[in-house]
Amino acid sequence: MVLISSLNNALKSITNAERRGKRQVLLRPCSKVVIKFLQVMMKNGYIEEFEVVDDHRSGKIVVHLNGRLNKCGVISPRFDVKVKDMEKWVINLLPSRQFGHIVLTTSKGIMDHEEARKNHTGGKVLGFFY
């Protein structure tokens with residue numbers, strides 16, 4: 001079977017493990033985008049920590065879950081988002097204004113929508129989590 005999106009595969013594995021009540025999950029293959037996405041999730045407290053295991057192939061990531069994540073997913077294709085259109089995406093993707101984050105890839109790196117709004121920069125939508 002051909003791997004289409006490693007980010008989509010990783011986020012589906014995390015969501016399924018979280019629903020089953022697992023404490024950790026193994027993600028493979030490893031990529032820079034998946035690592036940056038996990039760093040944003042860890043910064044906001046949705047996962048505890050993760051460690052990258054180098055096996056001289058594509059690499060693996062072991063993610064330690066804390067039971068706070070309800071859903072995470074990828075938005076494909078990666079639509080362009082301007083700063084003024086950010087609120088529309090928040091309303092469409094997130095269940096509430098109080099919690100949840102949309103992850104964007106910008107010229108200043110991969111960050112969530114609140115940080116992108118604070119930096120006054122737009123970008124492309126990678127995915128979401130809440």
Side-chain angles (χ1 to χ4, degrees):
M1 193 159 124
V2 179
L3 178 68
I4 303 298
S5 171
S6 60
L7 180 64
N8 192 13
N9 194 6
L11 294 183
K12 284 282 189 229
S13 298
I14 291 172
T15 302
N16 291 339
E18 190 77 65
R19 287 187 179 151
R20 293 278 299 140
K22 306 283 186 192
R23 299 301 296 157
Q24 63 184 18
V25 62
L26 178 73
L27 306 177
R28 48 175 291 271
C30 175
S31 74
K32 290 180 188 176
V33 175
V34 173
I35 290 173
K36 295 287 188 187
F37 200 101
L38 290 175
Q39 285 174 348
V40 172
M41 289 174 79
M42 190 171 71
K43 187 182 79 176
N44 290 305
Y46 283 84
I47 60 173
E48 288 195 12
E49 62 179 0
F50 65 94
E51 45 197 73
V52 179
V53 180
D54 183 30
D55 60 353
H56 299 295
R57 290 186 188 88
S58 59
K60 297 175 184 160
I61 305 173
V62 178
V63 180
H64 298 277
L65 305 171
N66 59 6
R68 193 170 165 228
L69 190 68
N70 291 319
K71 188 175 183 184
C72 57
V74 171
I75 303 301
S76 180
R78 296 179 177 175
F79 292 106
D80 291 328
V81 178
K82 298 176 182 164
V83 179
K84 62 182 181 182
D85 297 337
M86 200 97 60
E87 193 62 37
K88 183 185 80 171
W89 281 91
V90 170
I91 291 169
N92 286 340
L93 290 176
L94 300 179
S96 173
R97 200 179 275 246
Q98 283 81 24
F99 69 100
H101 299 275
I102 297 174
V103 180
L104 304 167
T105 175
T106 67
S107 58
K108 296 178 180 168
I110 294 177
M111 60 185 76
D112 63 342
H113 71 279
E114 294 166 355
E115 191 177 342
R117 190 180 290 149
K118 190 173 71 182
N119 289 339
H120 199 73
T121 180
K124 292 184 181 284
V125 177
L126 281 180
F128 63 92
F129 58 91
Y130 54 85

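Between E48 and R68 there is no salt bridge, since no side-chain nitrogen of the basic residue lies less than 4.0 Å from a carboxylate oxygen of the acidic one. One finds no salt bridge joining E115 and K108 here, because no Lys/Arg side-chain nitrogen approaches an Asp/Glu carboxylate oxygen to under 4.0 Å.
Note on L27 and V52: same hydrophobic cluster, where clusters join Ile, Leu, Val, Met, Phe, Trp and Tyr whose side-chain heavy atoms are under 4.5 Å apart, directly or indirectly. Under the 4.5 Å side-chain contact rule for hydrophobic residues, V74 and F79 share a cluster.
Residues M41 and L69 are in side-chain contact: their nearest non-hydrogen atoms beyond the backbone lie under 4.5 Å apart. Contact annotation: the side chain of S6 approaches that of V34 to within less than 4.5 Å [non-hydrogen atoms, C-beta and beyond].
When every heavy atom of C72 is checked against every heavy atom of T15, the shortest pair comes out as SG-OG1, 3.1 Å. Taking each heavy atom of C30 and I35 in turn, the nearest pair found is SG-CD1, 3.6 Å. When all heavy atoms of Y130 and L93 are compared, the closest pair comes out as CE2-O, 4.0 Å. Among all heavy-atom pairs drawn from G109 and T106, the shortest one is O-OG1, 2.7 Å. The shortest heavy-atom contact between P29 and L3 is CG-CD2, 3.6 Å.
Not a single donor-acceptor pair under 3.5 Å links the side chain of E51 to the backbone N or O of I61. Using a distance-only test at 3.5 Å, with no hydrogens or angles considered, a donor-acceptor pair links the side chain of N16 to the main chain of K12. Of the possible donor and acceptor atoms, none in the side chain of S96 sits under 3.5 Å from a partner among the backbone N and O of F99. Put simply, the side chain of D55 never gets that close to the backbone of K60: no donor and acceptor are under 3.5 Å apart.
Counted within 6.0 Å of CZ on R28, heavy atoms from surrounding residues, nucleotides or ligands total 12 or fewer; the atom is thus considered open. Atom NZ of K71 has 12 or fewer neighbouring heavy atoms from other residues, nucleotides or ligands inside a 6.0 Å radius.
Taking CZ from F129 and CD1 from I14, the interatomic distance works out to 10.5 Å, rounded to the nearest 0.5 Å. In this structure, M111 CE and T121 OG1 are separated by 6.5 Å, a value rounded to the nearest 0.5 Å. The distance from atom CD1 of I102 to atom CD of E114, rounded to the nearest 0.5 Å, is 9.5 Å. Rounded to the nearest 0.5 angstrom, L94 CG and W89 CH2 are separated by 11.5 Å. Rounding to the nearest 0.5 Å places CD of E18 at 5.0 Å from CG of L65. Atom CD1 in I110 sits 10.0 Å away from atom CG in L104 (nearest 0.5 Å).
The aromatic rings of H101 and H113 are tilted relative to each other, their planes meeting at an angle between 30° and 60°.
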Trace of the side-chain contact (heavy atoms from CB on, under 4.5 Å) decision for D54 with H56: CA-CA 6 Å; D54 183 30; H56 299 295; 4.1 Å; yes
Please step through side-chain contact (heavy atoms from CB on, under 4.5 Å) for the pair H64 and R23, ending with a clear verdict. CA-CA 6 Å; H64 298 277; R23 299 301 296 157; over 6 Å; no
Quick one: do L126 and R78 satisfy side-chain contact (heavy atoms from CB on, under 4.5 Å)? Show the steps, please. CA-CA 6 Å; L126 281 180; R78 296 179 177 175; 3.3 Å; yes
